[in-house]
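Throughout, a chain's letter reflects where its sequence line sits, starting with A, and its residues are numbered from 1.
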Protein chains: 2
Amino acid sequence: MSMIQTMDADGGDADGGEPLSLHQRILSDISERILSGAWAPGHRIPFEHELTAEYKCSRMTVNKALSQLAKAGLIERRRRSGSFVRRPQSQAAVLEIHDIRIEVEALGLPYRYERVARHKRRSSAEDRALLELDSNGPVLALECRHFAGKRPFAHEQRLINLAAVAEAANEEFFAVAPGPWLIARVPWSAAEHRIRAVAADRHIATALEIESGAPCLVVERRTWSAEHPVTHVRFTYAADSHTLVARFTPSQG
Amino acid sequence: MSMIQTMDADGGDADGGEPLSLHQRILSDISERILSGAWAPGHRIPFEHELTAEYKCSRMTVNKALSQLAKAGLIERRRRSGSFVRRPQSQAAVLEIHDIRIEVEALGLPYRYERVARHKRRSSAEDRALLELDSNGPVLALECRHFAGKRPFAHEQRLINLAAVAEAANEEFFAVAPGPWLIARVPWSAAEHRIRAVAADRHIATALEIESGAPCLVVERRTWSAEHPVTHVRFTYAADSHTLVARFTPSQG
DNA sequence: GCCGCAGTTATGTATATACATATTGAAACG
DNA sequence: CGTTTCAATATGTATATACATAACTGCGGC
């Protein structure tokens with residue numbers, strides 16, 4: 001009894017070896033077999049009590065690993081029946097959307113920000129549609145440009161709901177871009193992004209110094225914090241200046 | 001002693017009440033306070049032993065909740081110091097990329113698939129660059145169209161690595177689109193997506209029945225299974241036919 | 001043969017306990 | 001006064017145990 005886990009060289013595969021906890025090792029062993037295809041979708045993975053015997057550990061430890069695999073969507077657990085490898089369903093990918101300064105500096109180019117216009121106004125019907133706002137409270141409308149080197153990199157059109165972020169009314173946004181300013185102030189938020197291609201209209205074409213009608217990538221983001229609409233922003237990129245990258249790696253717990 | 005958890009009406013907030021487990025309730029209580037801004041970034045959340053007293057449960061139960069919050073990125077845990085609300089960093093969003101049939105049918109339009117061309121060949125240098133392939137093994141190159149009603153909805157150019165998916169060599173892809181065919185066969189995969197705007201060239205313009213030079217959304221996907229390149233696919237959509245949607249909700253346990 | 005009621009089984013959740021580990025703050029010491 | 005040491009503390013991981021719950025199995029009664 002007791003025995004409280006010494007966990008040194010046995011098992012035998014003697015691979016690299018930063019100190020992984022046991023449940024993490026179980027998790028990665030199993031997910032590797034699933035991702036390699038050794039255990040195909042539908043395959044029943046060993047019962048908890050079998051893994052308990054294999055790894056000489058308690059059921060809680062095995063359970064921790066399997067619960068995480070289930071939450072990650074790699075397996076499905078059914079009482080009385082066991083745990084089964086799921087078949088991959090919707091292709092989901094994680095899209096990381098960084099601050100534009102970061103994007104530009106990652107290209108090795110100097111970043112510059114310019115505020116083009118700023119209007120405080122009572123929200124129009126169009127504003128309310130973009131922000132998904134009920135009341136006709138005040139909003140701040142901003143137009144900005146982000147440069148990579150000498151060339152315009154992105155055009156930004158933004159609405160800020162002043163009912164949610166009152167302090168924005170006192171900020172000119174000459175020096176700070178509204179994105180980082182909001183991130184520093186609004187604690188945690190949910191967001192929805194819409195991505196599409198458009199032809200540049202005259203206004204955008206001038207702002208981005210491209211031809212009217214040229215293809216552009218548009219990323220629109222709507223942001224909520226604590227259920228309240230905070231901001232709506234539309235970024236427009238010239239076709240050749242920007243590519244979004246999204247990755248998906250199942251689990252990697 | 002024992003007491004093994006009866007867990008009925010106390011606490012007092014008497015809200016809705018589908019049967020949440022205790023650690024889930026702790027988790028959602030805390031994440032609500034973080035997301036509402038009540039606990040701002042940097043705030044120290046109660047110690048495990050304090051929550052233990054508040055919820056009258058064991059430390060393991062509290063620990064389970066806090067560990068999950070840490071893994072979800074909402075809090076940061078430091079030994080000896082406590083757990084702290086993190087400040088949100090990179091805006092990350094989950095982009096769900098469904099099968100095109102699903103996308104089209106979600107619009108309420110009839111879906112039709114058409115195979116335009118199919119070539120089996122030894123991989124060219126360009127093929128190898130797209131697939132990130134080392135050897136010059138055989139590949140299958142496909143060109144297809146997806147229709148929504150009478151109009152072309154998307155154009156698909158695909159390479160399949162026949163070293164990874166040998167059976168594809170025997171499939172004509174007249175009736176089945178390569179996407180669903182592969183998903184049913186390749187167990188689990190990692191993927192990388194690149195999204196950008198382009199102007200339609202002559203070939204694409206003809207295929208999508210749009211004007212040459214019109215803006216298009218391009219989604220490229222590279223897929224691996226068990227570290228081996230499986231397929232590279234480029235979908236091209238006419239600007240007005242398609243919008244990608246990505247959502248981000250922090251945590252949601 | 002069919003239906004309902006146990007019993008069995010695997011997972012789900014929780015407890016009390018034990019020991020490991022990183023970190024901090026204060027006491028002891030040169 | 002600065003440095004080293006040490007104990008206190010909060011989290012990290014694991015154990016053994018207990019009971020709950022869902023779902024499948026088979027048995028018995030009709």
Side-chain angles (χ1 to χ4, degrees), chain A residues 1-8 10-11 17-30 42-86 253, chain B residues 1-8 10-11 17-30 42-86 253:
Chain A
M1 32 143 60
S2 79
M3 192 36 104
I4 300 270
Q5 193 63 35
T6 329
M7 175 36 65
D8 60 339
D10 76 329
E18 71 286 275
L20 273 185
S21 62
L22 221 190
H23 72 262
Q24 275 182 100
R25 201 161 75 81
I26 299 175
L27 189 151
S28 67
D29 281 4
I30 294 177
H43 180 268
R44 207 209 76 224
I45 76 172
F47 295 128
E48 292 190 350
H49 70 264
E50 295 174 300
L51 293 168
T52 278
E54 187 180 333
Y55 287 94
K56 296 190 206 316
C57 65
S58 75
R59 188 166 80 87
M60 278 300 293
T61 304
V62 170
N63 185 286
K64 198 166 186 172
L66 295 189
S67 301
Q68 285 186 44
L69 282 171
K71 217 168 57 156
L74 276 182
I75 67 173
E76 182 189 338
R77 313 201 71 192
R78 285 201 292 275
R79 280 168 149 136
R80 171 68 216 249
S81 310
S83 305
F84 300 82
V85 178
R86 296 223 320 189
Chain B
M1 32 144 62
S2 81
M3 193 32 109
I4 298 268
Q5 192 62 35
T6 330
M7 175 35 64
D8 60 338
D10 78 329
E18 72 284 276
L20 274 185
S21 62
L22 220 190
H23 70 263
Q24 276 181 94
R25 202 161 74 82
I26 299 175
L27 188 151
S28 66
D29 280 6
I30 294 177
H43 181 267
R44 208 210 76 225
I45 75 172
F47 295 128
E48 291 190 349
H49 71 262
E50 294 175 299
L51 292 168
T52 278
E54 187 180 332
Y55 287 94
K56 294 190 207 314
C57 66
S58 75
R59 188 167 79 89
M60 279 298 294
T61 304
V62 170
N63 185 287
K64 198 166 186 172
L66 295 189
S67 302
Q68 284 185 45
L69 282 171
K71 217 169 54 155
L74 275 182
I75 67 173
E76 182 190 338
R77 313 201 70 193
R78 285 201 293 273
R79 279 170 152 135
R80 171 69 217 245
S81 311
S83 306
F84 300 83
V85 178
R86 295 223 320 189

With respect to the phosphate group of [N], does any side-chain polar atom (N or O) of [X] fall under 4.0 Å of OP1 or OP2?
X: B:T61; N: C:dT15; answer: yes
X: B:S83; N: D:dA10; answer: no
X: B:R77; N: D:dG12; answer: yes

Any N or O donor-acceptor pair under 3.5 Å from the base of [N] to the side chain of [X]?
X: A:R59; N: C:dG12; answer: yes
X: B:R79; N: C:dT21; answer: yes
X: B:R80; N: D:dT11; answer: no

Toward the 5' end of DNA chain D, which comes first, B:S81 or A:V62, by nearest nucleotide?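 Result of the comparison: B:S81.
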Keeping the roles fixed (side chain from [X], backbone from [Y]), state whether a donor-acceptor pair exists under 3.5 Å.
X: B:Q68; Y: B:A65; answer: no
X: B:S28; Y: B:Q24; answer: yes
X: B:T52; Y: B:E48; answer: yes

Figure out the [atom1]/[atom2] separation between [X] and [N], and round it to whole Å.
X: B:I26; N: C:dT15; atom1: CD1; atom2: P; result: 8 Å
X: B:N63; N: C:dT15; atom1: CG; atom2: P; result: 12 Å
X: B:L22; N: D:dA20; atom1: CG; atom2: C1'; result: 14 Å
X: A:K71; N: C:dT11; atom1: NZ; atom2: P; result: 19 Å
X: B:H49; N: D:dA8; atom1: NE2; atom2: C1'; result: 13 Å
X: A:Q68; N: D:dG12; atom1: CD; atom2: P; result: 13 Å
X: A:K64; N: C:dA14; atom1: NZ; atom2: P; result: 14 Å
X: A:E48; N: D:dA16; atom1: CD; atom2: C1'; result: 15 Å

Reading DNA chain C from 5' onward, which residue's closest nucleotide shows up sooner: A:L66 or A:M60? A:L66
Would you indicate whether the side-chain heavy atoms of B:L66 and B:L51 approach each other to under 4.5 Å? yes
Hey, are A:E50 and A:R44 close enough for a salt bridge, meaning a charged N less than 4.0 Å from a carboxylate O?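 Yes.
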For B:S58, answer base if it contacts any base atom (sugar-phosphate contacts may also be present), sugar-phosphate if it contacts only those atoms, and nothing otherwise; contact means non-hydrogen atoms under 4.0 Å.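 Base, at least one base heavy atom under 4.0 Å.
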